[in-house]
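A short write-up of the structure that comes next.
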Amino acid sequence: MAIFAMAAVGCSQQEQPQPLEIDNALTEQEISAGILTPEVMWKMRRAGSSSLSPDGETLLYTLTDYSMQENRSLTQIFTQSLADKSIKHLTDNSSQNVSPQWSADGKKIYFLSNRSGSMQVWEMDADGANAKQLTKLEGDVEGFGVSPDGAHLWWVQPVHTLDINSRDVHRDMPKSKARIYDDLMVRHWDYWDGGDYRHIFLGEITPAGVTSGEDLMPEAKWDAPLAPYFDMSEISWNPQGTKLAYTCKPLTGKEYAVSTDSDVFVYDLESKKTVNICKSTGAQEPFVGYDKYPVWSPDGEKIAFRSQERFGNEADKERLFVWDSKTGLTTYLTPLFDYHATNVVWENDHSLLFISPIEATHQICRVEVPNPLARIAPVVTVLTKGDHDINAFSFAKGNIMAEVCTISMATEFFTVNGENGQMEKFSDVNGEIYKHIRMGEVQKRWVKTTDGKQMLVWVILPPNFDPAQQYPTLLYCQGGPQSVVSQFWSYRWNFQLMAAQGYVVVAPNRRGLPSFGQEWLDQISGDYSGQNIRDYLSAIDDVAKEPWADETRMGCVGASYGGYSTFFLAGNHQKRFKAFIAHCGIFDFDSMYGSTEELWFVNNDYGGNYWDKSNATAMRSYANSPHKFVQNWDSPILIITGEKDYRIPYTQSLEAFTAARMKGLDARLVSFENEAHQVFQAQNSIVWNREFFSWLDKYVKQSK
């Protein structure tokens, strides 16, 4: 399918979107081969940003297509009727159109578009007619929300509140280019702190457009929503359009770098006062960890939000709380539920739906809100079941529409029965590709660990698998470290793509991953080199016993914490692996501590800093840093990094590459100039995959 359009994200007011041609059609050669390749994968359309209309009868969503030749994307807005599945294309293909939202009455759709030269807020009728620009602000609008009564608009834009650049500090030196810091954090994720922070603005919607607006957090030297992801789901209107709830972490410097203590705030439009509901007098909990994602109840009297109990631990259990605006009391809804609660949606004033990771899948759950004075803890019901990931869903008039993927399927929309949880596929976004591309079998395997527990391991077999043959086998090491190896579909680390190149993929849910209870998740903190490493080896050793897994041709790959795992195993693998690939991995714990940005992370996961010799946990962590075992490295290693990566700074990869070459090993460094911790750009992704598979083919597949 060919699409002729114009797209350009984040243009300035002077730049107009440039023409872009996208061709998603498979070539005759790709159809004949019938396997997933990087080029085929990047022809897949990416569905998202979905929501049901207020009457529950129409699905609103976006589709994103990529042009490999232009190295750019186009996002368009669509609706689809639940009754007859008819699809309407609402945008005109002349620009980038994202973040669509229904009006409260379902008659209008609000969205962001750069059709005027920069990202601004627009509105159109539900059928796509009468598109009108609402904001004409200087610079891009990064996110927005229209009040249910249609009278007000919040939006997010950066504001300069701190002079850090030398030309601002020393105004008589305008050509100087230096950054001057007196405190942490100097960098975050993929950018240097330049004194600009995202603020929430509030304006009125008039016939002439939106007024200039009021900054709800003037002079603040912190962001709302939270850096570095700036998730607009952290901001929400009450149903009456009179109050705005949002998340921020009002800390600066060292306090900001070592803390996860964010809170939920409520701004009252009439009184113009802001209340921190997590630090109010009625809060029974200390609320010192991450508290975020406020969601108002339909009657506007309560706010559901997610809370982590422990300061400095981003992987703590995501508890579900409800705050009552009348009493100021908070109620903990999931004390008996040993899993995270995410993507919370009110079903009615007394019942909530949410997503939870459970045994390496993501399911929709339900919980009732009890009387605040009741002493009985609520019971959570798991509504859906099956080997899939439900990544998001919307609810309206009893209907549930979910965004679902599996290891073998990119995101599609599914209806969910609210009574019995039964799911039915609604969309067919990439049906034409699946018709011609064979996927490998995904096996669910339970492996006994060295401490006698059971670990779930996904094993992905090559398409047209023949059990009489022997296949090269890859151990996949997950990042995070606390992120589940679920039924995810990735455009970066895709198991089916690896299997299609002739590899058996072994993906264990080792210690430190969610969806198996908090004890399993917590174990990894302070024990990077311990049980989870033994779990990796248990998984690969178990699969290596199969007659179709060639134990003489095994490779080890991973990114982030998985990159650390690869570096560590390179010095501690007892000749298991023929080659290694590490993407943005931690190599030297000492230098990582001094060059990363969110210090609460290493404080929690290492157990502390490297100079506290009295801290036994921290000293064990630093003693087992991968660079301490380089003398044992004996296999070829490919090292990949992004030069804008400040979470695990790219210098970690440079150190590892230097060590490998000085050891005389076959080694290769691939350093992307314009990528950070992940590789997102289309052509960079193709290069990444070519380097990835050529390395494996040379040193693993052809090693016999």
Side-chain angles (χ1 to χ4, degrees), residues 1-3 21-47 63-74 405-412 428-442 458-466 469 471-474 476 487-507 553 555 557-559 579 581 583 638 640 668 670 672 675 678-702:
M1 176 176 61
I3 298 175
E21 179 179 337
I22 297 175
D23 188 354
N24 294 10
L26 298 181
T27 66
E28 291 185 7
Q29 184 177 2
E30 288 168 337
I31 292 174
S32 176
I35 63 170
L36 188 64
T37 66
E39 290 79 8
V40 168
M41 185 174 69
W42 276 85
K43 289 182 177 181
M44 299 179 75
R45 312 189 78 181
R46 305 188 187 187
L63 292 178
T64 300
D65 299 278
Y66 284 82
S67 165
M68 188 59 62
Q69 181 177 356
E70 295 292 332
N71 200 35
R72 292 190 286 137
S73 67
L74 169 71
C405 69
T406 70
I407 289 174
S408 305
M409 181 191 72
T411 297
E412 296 280 355
D428 194 26
V429 173
N430 286 299
E432 190 63 25
I433 288 181
Y434 299 132
K435 187 192 312 182
H436 299 290
I437 300 299
R438 301 183 301 277
M439 298 291 179
E441 178 188 351
V442 178
W458 302 113
V459 178
I460 301 89
L461 304 177
N464 299 326
F465 173 75
D466 182 354
Q469 295 185 20
Y471 293 89
T473 303
L474 302 179
Y476 168 77
Q487 281 283 316
F488 68 89
W489 176 274
S490 172
Y491 289 94
R492 295 186 296 275
W493 290 80
N494 189 289
F495 296 154
Q496 286 290 357
L497 184 59
M498 298 177 200
Q501 315 314 309
Y503 295 91
V504 169
V505 182
V506 180
R553 293 187 295 161
V557 303
I581 299 178
H583 177 112
L638 170 63
I640 309 173
R668 191 168 201 174
V670 179
F672 289 97
E675 299 283 7
Q678 296 111 347
V679 172
F680 286 114
Q681 298 190 40
Q683 290 191 13
N684 283 344
S685 175
I686 296 297
V687 170
W688 189 98
N689 278 289
R690 287 176 180 173
E691 293 289 340
F692 183 89
F693 288 115
S694 65
W695 192 262
L696 292 176
D697 290 351
K698 179 178 180 180
Y699 291 106
V700 178
K701 185 181 288 185
Q702 301 171 17

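Positions are given from 1, in the same order as the sequence printed here.
Heavy-atom neighbours of Gln69 CD from other residues, nucleotides or ligands within 6.0 Å: at or below the threshold of 12. By the neighbour-count criterion of 12 heavy atoms within 6.0 Å, atom CZ of Arg492 is densely surrounded, having more than that number from other residues, nucleotides or ligands. Crowding of Arg668 atom CZ: a count of heavy atoms from other residues, nucleotides or ligands under 6.0 Å not exceeding 12.
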For side chain to side chain contact (heavy atoms under 4.5 Å, CB included), just list the numbers for Val670 and Trp688, CA-CA rounded to whole Å, side-chain angles, deciding distance to a tenth of an Å, and then say yes or no. CA-CA 8 Å; Val670 179; Trp688 189 98; over 6 Å; no

With side chain to side chain contact (heavy atoms under 4.5 Å, CB included) as the criterion, how do Phe692 and His583 come out once you've worked through the C-alpha distance, each side chain's angles and the decisive distance to 0.1 Å? CA-CA 10 Å; Phe692 183 89; His583 177 112; over 6 Å; no

Side chain to side chain contact (heavy atoms under 4.5 Å, CB included) for Val429 and Leu63? Distances and angles first, verdict last. CA-CA 9 Å; Val429 173; Leu63 292 178; 3.8 Å; yes

Do Thr406 and Val442 pass the side chain to side chain contact (heavy atoms under 4.5 Å, CB included) test, and can you show the C-alpha distance, the side-chain angles, and the key distance before you say yes or no? CA-CA 10 Å; Thr406 70; Val442 178; over 6 Å; no

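Atom CE of Met409 is separated from atom CD of Gln487 by 9.5 Å, given to the nearest 0.5 angstrom. With rounding to the nearest 0.5 angstrom, the CG atom of Asn684 is 11.0 Å from the CG atom of Asn689. Rounding to the nearest 0.5 Å places CG of Asn464 at 12.0 Å from CD of Glu441. Rounded to the nearest 0.5 Å, atoms CZ (Phe672) and CD (Gln678) are 13.0 Å apart. With values rounded to the nearest 0.5 angstrom, Leu638 atom CG is found 12.0 Å from Phe693 atom CZ. Distance check, rounded to the nearest 0.5 Å: OG of Ser73 to CZ of Arg46 gives 8.5 Å.
In terms of heavy atoms, Leu497 sits closest to Pro38 at CD1-N, 3.5 Å. Here the shortest heavy-atom pairing between Asp466 and Tyr471 reads N-OH, 2.8 Å. In this structure, Ile35 and Val40 approach most closely via the heavy-atom pair O-CG2, 4.3 Å. Between Gly502 and Pro462, the shortest heavy-atom distance links the atoms C-CG, 3.9 Å. When every heavy atom of Arg438 is checked against every heavy atom of Pro463, the shortest pair comes out as O-CG, 3.7 Å. Here the closest heavy-atom approach between residue Trp489 and residue Cys405 is recorded as N-SG, 3.7 Å.
A side-chain donor-acceptor contact under 3.5 Å links Ser67 to the backbone of Glu21.
The shortest side-chain heavy-atom distance between Ile22 and Arg45 does not fall under the 4.5 Å cut-off. Between Gln496 and Ser408 the shortest side-chain heavy-atom distance falls below 4.5 Å. Under the 4.5 Å side-chain criterion, counting only non-hydrogen atoms from C-beta, Asn430 is not in contact with Lys43.
Tyr491 and Phe680 have their aromatic ring centers separated by at least 6.0 angstrom.
Ring pair Tyr476/Trp493 is tilted by interplanar angle, where 30° to 60° counts as tilted.
In the model, Gln681 has a side-chain atom that pairs as donor or acceptor with a side-chain atom of Asn71 under 3.5 Å.
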